[in-house]
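Here's the structure we're looking at; comments come further down.
FYI, the numbering just counts along the sequence from 1. Please read these numbers as outputs of a predicted model, since none were measured by experiment.
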Amino acid sequence: MSKTTYNRIKSVLAERKRTNKDLADALQIAPETVSSWCTNSAQPSIKKLFQIAVYLDVEAGDLLVSSKKS
């Protein structure tokens, strides 16, 4: 059974040359929480998603995987 990918947080962190710890520190949350988002084993709330977007200077939608099939 394959895991569904819902967010692109890990990819965007890499593009911005930031680490999970950088994001955790910026949001004042546990690094394990960010790790669970990056592995898509958990998802951030909409409020947190917007906070992540502000920190990474991207649109919130850029942090999500498209639901459209190519």
Side-chain angles (χ1 to χ4, degrees):
M1 181 179 197
S2 65
K3 183 188 278 188
T4 303
T5 301
Y6 295 104
N7 74 63
R8 299 183 58 250
I9 295 171
K10 182 177 182 176
S11 300
V12 178
L13 280 169
E15 290 166 10
R16 298 290 188 202
K17 296 181 175 36
R18 305 268 198 236
T19 66
N20 292 13
K21 185 168 180 352
D22 293 335
L23 180 58
D25 290 347
L27 298 180
Q28 298 181 324
I29 60 174
E32 295 81 9
T33 301
V34 176
S35 179
S36 68
W37 297 339
C38 289
T39 59
N40 274 276
S41 57
Q43 302 304 319
S45 68
I46 296 296
K47 182 178 179 180
K48 284 285 187 220
L49 190 73
F50 275 83
Q51 291 172 345
I52 296 164
V54 168
Y55 173 72
L56 294 173
D57 193 29
V58 297
E59 291 292 326
D62 293 340
L63 296 171
L64 300 174
V65 173
S66 176
S67 61
K68 292 184 178 180
K69 302 282 185 208
S70 295

Report summary line: Rounding to 0.5 Å, atoms CG (Leu64) and OG1 (Thr5) come to a distance of 12.0 Å
Query raised in the report: Mind checking what makes side-chain contact (heavy atoms from CB on, under 4.5 Å) contact with Lys17, not counting sequence neighbours?
Result: none
Query raised in the report: Can any side-chain N or O of Ser41 pair as donor or acceptor with the backbone N or O of Ser36 at less than 3.5 Å?
Result: yes
Query raised in the report: How close do Tyr6 and Asn40 get, heavy atom to heavy atom, and via which atoms?
Result: N-OD1, 2.8 Å
Report task. Can you sort out the partners of Ala26 under side-chain contact (heavy atoms from CB on, under 4.5 Å), two or more places apart, ordered by chain and number? Result -> Tyr55
Query - Gap separating the CG atom of Leu23 from the CD atom of Gln51, nearest 0.5 angstrom - result: 10.0 Å
Report task. Enter the distance from Lys47:NZ to Ile52:CD1 here, rounded to the nearest 0.5 Å. Result -> 13.0 Å
Query raised in the report: Between Thr39 (side chain) and Ser35 (backbone), is there a donor-acceptor pair under 3.5 Å?
Result: yes
Query raised in the report: Can you name the side-chain contact (heavy atoms from CB on, under 4.5 Å) partners of Asp25, sequence neighbours left out?
Result: Lys21
**Report entry** Considering all heavy atoms, the nearest Leu56-Arg16 contact
**Finding:** O-NE, 2.9 Å
Report task. Run through the side-chain heavy atoms of Ile, Leu, Val, Met, Phe, Trp and Tyr, join any pair under 4.5 Å, and report what else lands in Phe50's cluster. Result -> Ile46
**Report entry** Polar side-chain atom of Asn7 near backbone of Leu63 as donor-acceptor pair, under 3.5 Å
**Finding:** no
Report summary line: Rounded to the nearest 0.5 angstrom, the SG-CG distance for Cys38 and Asn20 is 4.0 Å
Query raised in the report: What is the distance from atom CH2 of Trp37 to atom CG of Leu13, rounded to the nearest 0.5 Å?
Result: 10.0 Å
Query raised in the report: salt bridge (charged side-chain N to carboxylate O under 4.0 Å, His left out) with Lys48: which residues, sequence neighbours excluded?
Result: none
Query raised in the report: What pair of heavy atoms forms the shortest contact from Ala60 to Leu49, and how long is it?
Result: O-CD2, 4.2 Å
Query - Qualifying salt bridge (charged side-chain N to carboxylate O under 4.0 Å, His left out) pairs, either residue in residues 28-37, two or more places apart - result: none
